[in-house]
Each structure stands twice: as C-alpha cells, then as structure tokens.
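What follows is a set of notes on a single structure, which appears directly below.
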There are 2 protein chains.
Amino acid sequence: MGHPPFAVTVDLVVLTLTGEELCALVVRRGIEPYRGEWALPGGFVREDEDLSDAARRELAEETGLAPGTVHIEQLAAYGAPDRDPRMRVVTVAYLALAPDLPVPRAGTDAADARWIPVRSREHLAFDHDRILADGLERARAKLEYSPLATAFCAPEFTVAELRRVYELVWDTRLDPRNFHRKVTGAEGLLEPTGRTTTRDGGRPAQLYRRGKAELLYPPMLRS
Amino acid sequence: MGHPPFAVTVDLVVLTLTGEELCALVVRRGIEPYRGEWALPGGFVREDEDLSDAARRELAEETGLAPGTVHIEQLAAYGAPDRDPRMRVVTVAYLALAPDLPVPRAGTDAADARWIPVRSREHLAFDHDRILADGLERARAKLEYSPLATAFCAPEFTVAELRRVYELVWDTRLDPRNFHRKVTGAEGLLEPTGRTTTRDGGRPAQLYRRGKAELLYPPMLRS
DNA sequence: ACAAAAGTGTTTCTAATACACCCATGG
DNA sequence: CCATGGGTGTATTAGAAACACTTTTGT
C-alpha cells in the first residue's frame with residue numbers, strides 16, 4: 001500500500017489544414033516498442049517540468065513551430081495498465097492546432113515525421129488511434145462555441161479562409177453569405193485590419209485578426 | 001535522459017445537491033502533508049489498475065455509493081512539479097455527480113468527511129481549489145448540451161426536480177412552464193413512467209426516468 | 001373554498017436559413 | 001466584357017421568452 005512508480009509522458013494531437021484536408025502529425029518510431037510504426041509525437045515529462053511545459057517543449061522539438069503561433073490545450077489522460085509493454089505509463093495528451101504546414105522535422109527518437117489526412121484512418125501505435133479520435137472530436141466540438149477555428153488560420157485571414165476551416169473540419173458546406181454575416185457580427189471574434197487581399201480571387205476580401213473573445217456567441221451550428 | 005519516476009493519483013470532485021445548495025465532498029487529511037486540512041477525496045493508483053477503475057474504487061471507498069448510480073467522467077490531469085512537497089505527483093481528476101446525499105464515510109487515510117457548499121469557497125489543500133473550480137465549470141457547461149442534470153436526480157424524478165438542478169447549479173431562475181415544454185419535448189431526454197407523485201405539493205406531477213439520449217438538442221441556455 | 005404546483009395555449013421577438021441581388025477585382 | 005468570389009437585403013421559419021389560463025391535488 002505505497003505508491004507504485006509510473007512513467008509519465010505527454011503525447012500530442014497536432015492538427016493542421018493542408019490545401020484540402022485536415023491532417024494530423026505523426027512520427028515514425030525509432031525505438032522499441034512499436035519500432036518503425038507511426039505514432040503521435042510525444043515523450044517523457046522531465047523531472048522538474050510542468051505537464052504543459054513538456055507538451056510545448058515536445059511540440060517545438062518535433063515541429064520547430066514557434067510556440068506563440070500555436071494553440072495548445074490539454075485533452076485527456078490515458079493510463080490503461082497494458083498500454084505500454086515496457087512499464088506502467090500514464091500519458092497526458094494535448095491538442096495543438098497549427099495554422100499552416102511547416103515541413104515536419106524529425107525529433108531525437110523519431111526517424112521520420114509526416115502529416116496524415118485524418119480521413120485516412122491510418123493505424124497508429126499504442127492507443128494513439130483512440131487519442132487521435134478524441135482530439136478530433138474535441139476540435140470539432142470546440143469550433144461550435146469557441147473562436148478556436150482562428151487557430152487554423154494565419155495571423156491575418158479572410159472570412160472565406162475561416163469558413164474553409166469549418167468546412168474541412170466538419171466536412172460540411174456552409175452558406176458563404178450567412179457565414180459572413182454571422183462571424184462578422186459575433187462580438188469580439190474578428191478584428192478588422194483595414195487591409196484587403198485578392199489571394200482568393202474575385203472581389204478583394206477584408207483581412208481580419210482574431211479578436212479577444214474567448215467564447216463564440218451565438219455559437220456556430222453543425223448542420 | 002531516462003524517465004523519472006512519478007506517483008500517480010486520482011482525485012475526485014464529487015458534487016451533489018442538498019435541499020438548497022450545490023455541495024462538494026471533502027475529506028480531512030489524516031496524514032502529512034496538509035494533515036488536518038480539507039482536501040478532495042482521492043488516492044494512489046494501484047499497480048495494475050486503470051485510471052477510471054481507480055477513480056471508481058476511491059469513490060466507493062470514500063462514499064459507499066453504489067457505482068451504478070453515480071455518473072463519473074475524467075476531468076483533467078494536474079502535474080505541476082511542486083504540487084506535492086513529498087515527491088513528484090501527477091493527479092488525474094474525475095468529476096462525479098451523485099443524486100442524493102448519503103452520509104459521507106471516512107476513508108482509510110481520512111479522519112473525517114463532509115459536504116461543503118461550493119459557494120463557501122472554502123480553501124482546500126494542494127491545488128484542489130483549482131481542481132474543484134474546474135470541476136464546477138465542467139458540470140455547469142455540460143448541463144447546457146447534455147442530459148447530465150439527470151445524474152443529480154433520483155432514478156425517478158419530476159420535471160420540477162430537474163429544473164431545480166439547473167437552478168441550483170447555475171444559480172438562476174428558469175420559467176417553470178417553458179422549462180417543462182422544453183425538456184418534455186427534447187428527444188430521448190425523459191422516459192415517462194406513467195406514475196405520478198405529489199411530493200412537491202400541488203397537482204400531481206409525472207415521474208420520469210432518464211432517456212437514452214447522450215446529447216441534449218436543442219441545448220438549454222444559461223441566462 | 002383556497003392555496004399550490006402541474007401543465008397548456010398563445011403572442012412576441014430573436015436568430016437561423018434560403019436566396020435574390022449588387023460590388024470590386026482579374027483576365 | 002465576363003467570370004469569380006465578396007458582401008448586403010430581405011422573406012420565411014424555428015425556437016426562446018413572457019405570461020394568461022386551466023388542471024389536479026392537499027388542507
């Protein structure tokens with residue numbers, strides 16, 4: 001009746017949007033167990049490190065992304081006794097959303113890294129299929145009532161780019177006109193920059209930055 | 001660069017409704033650290049035990065509640081390096097909602113246990129103030145879009161009793177007539193038993209069981 | 001009879017949807 | 001000029017809010 005020793009890791013569900021798809025970052029494992037298989041990036045929490053610091057450190061190591069530009073939040077803890085054959089490991093999973101797709105960079109214990117489309121349903125090592133599924137569900141749900149969709153966008157973005165985030169993550173179509181009215185009307189969601197762009201073709205579109213709102217009201221509705 | 005050993009615990013935010021207040025279960029610590037102070041119930045995860053099993057075991061040990069009658073779900077993990085002065089401890093917090101208030105039962109390492117009204121803002125040991133606040137926020141948020149409110153009710157309950165759950169957890173008043181129409185109209189939320197009760201006074205009220213719905217649509221709105 | 005709480009009907013207002021239409025650019 | 005996407009106006013409809021009113025019990 002003491003306290004058995006555990007190893008504690010952080011694992012990352014890192015999502016981004018390529019041109020046409022919602023993708024997750026995976027790394028090929030360079031060591032046992034599951035050597036050679038694809039898994040979520042992650043690693044052991046260090047002696048004097050907070051969980052969120054460990055998650056941010058791993059994210060920087062595996063992607064080279066500047067920490068400031070990436071949204072990161074805790075997802076859940078996973079600790080089934082047999083989830084790692086080596087020893088008892090509890091992992092705390094984090095969800096990260098990145099605006100663009102920098103070329104993934106291999107970490108110290110990862111031979112390779114790449115983006116996989118989430119609809120490919122590729123099998124991952126450990127219980128990472130489940131963790132990825134939970135991360136996706138969290139991201140999809142939070143788009144409804146939070147400004148999280150802006151985390152997938154560059155610092156300055158158009159309404160159409162924001163709409164494409166919703167359409168790709170939810171795999172639906174949204175009416176461009178009603179969407180425009182809704183997001184420009186939502187208090188504190190968007191901050192106009194005054195500048196415009198024609199990068200999407202057609203009439204120039206206003207460029208916006210994310211506003212200060214933490215909550216999206218009224219919420220977007222998944223059709 | 002190995003993997004430093006951690007202790008892993010589960011802590012419980014157990015909420016119930018007394019006659020007039022939303023209350024959380026706390027135990028007085030019988031051992032150091034924080035001996036004699038109030039804390040959330042919890043304990044170490046055993047060698048071959050899943051996290052959720054540990055949470056359910058602790059809940060049964062500290063309350064004597066039959067596991068089937070209590071809603072329990074994972075809340076979050078907390079792992080600041082200095083959160084326990086003895087050693088590096090990561091705790092996985094669970095949120096539990098109980099229908100009535102059985103007399104709390106002292107656990108093995110707890111000298112005493114009691115319900116505290118959440119509005120008392122009583123100070124707890126470790127980082128348990130924060131964990132309790134997170135649990136409250138989770139419960140309040142989930143009432144909006146899930147049938148979670150029924151977890152505070154006895155197996156058979158009236159619409160008025162369900163409404164009182166919302167009013168106490170949210171600390172608001174809801175129109176009894178619109179509330180009635182809304183919850184009886186929500187698909188799969190309530191299952192009529194055909195029986196009635198006059199325990200609330202006045203005209204007899206229909207008794208309901210919780211339905212099979214996992215999601216509440218349309219959601220309840222916090223005013 | 002009266003108080004008290006359950007439950008229904010109806011009106012008003014807000015917001016989602018659908019879609020016609022105009023605007024501003026590139027080619 | 002026309003194609004393309006940005007953005008506005010407006011009618012329809014669903015649901016929230018407010019509240020008058022009826023029902024069924026206990027005392």
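Numbers restart at 1 for each chain; the letters A, B, ... are given by sequence-line order, proteins then strands.
- A:Pro218 comes within contact range of the sugar-phosphate backbone alone, with a heavy-atom separation under 4.0 Å but no base atom that close.
- With hydrogens and angles ignored, a donor-acceptor pair closer than 3.5 Å exists between the side chain of A:Arg181 and the base of D:dG9.
- Listed by residue number, the members of residues 205-215 of chain B with any heavy atom below 4.0 angstrom from DNA chain C are B:Ala205, B:Gln206.
- In this structure, A:Arg130 does not pair ionically with A:Asp127, as no charged nitrogen and carboxylate oxygen lie closer than 4.0 Å.
- As rounded to whole Å, 14 Å separates atom C1' of D:dG9 from atom NE2 of A:His180.
- We find that CG of A:Asn178 is positioned 13 Å from P of C:dA20, with the value rounded to whole Å.
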Report all side-chain donor-acceptor pairs from residues 207-221 of chain A shorter than 3.5 Å, counting only partners two or more places apart or in another chain.
from     : atom 1 : to       : atom 2 : distance (Å)
A:Arg210 : NH1    : A:Thr150 : O      : 2.5
A:Lys212 : NZ     : A:Glu191 : OE2    : 3.1

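- Between A:His128 and A:Phe126, the ring-plane angle classifies as tilted under the 30° and 60° cut-offs.
- Counting non-hydrogen atoms under 4.0 angstrom, B:Asp200 reaches the backbone sugars and phosphates but no base.
- Phosphate proximity of D:dG15 to B:Lys182: absent, as no side-chain N or O sits under 4.0 Å from OP1 or OP2.
- Spacing between atom CD of A:Glu144 and atom C1' of C:dA16 amounts to 14 Å, rounded to whole angstrom units.
- Comparing the axis of the opening five pairs of the helix from C:dA1-D:dT27 to C:dG27-D:dC1 with that of the closing five pairs yields an angle of 0°, rounded to 10°.
- For residues 164-173 of chain B, the set of pairs meeting the salt bridge (Lys or Arg N to Asp or Glu O under 4.0 Å) definition, not counting sequence neighbours, comprises B:Arg163-B:Glu167.
- When rounded to the nearest whole Å, the span between CG of B:Leu174 and P of D:dA17 equals 9 Å.
- Protein atom CZ of A:Arg173 is 21 Å distant from nucleotide atom P of C:dA16, rounded to whole Å.
- Atom-to-atom, CG of B:Leu221 to P of C:dT14 comes out at 15 Å; the value is rounded to the nearest Å.
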**Fill in**
With sugar-phosphate taken as primed atoms, P, OP1 and OP2 and all else as base, the protein-contact string of nucleotides 21-27 of chain C at under 4.0 Å (heavy atoms; B, S, -) is B-BBB--
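- Remark: A:Ala160, A:Arg163 in residues 147-169 of chain A come within less than 4.0 Å of DNA chain D through at least one heavy atom.
- Within a 6.0 Å sphere centred on CD of B:Glu187, heavy atoms belonging to other residues, nucleotides or ligands number 12 at most.
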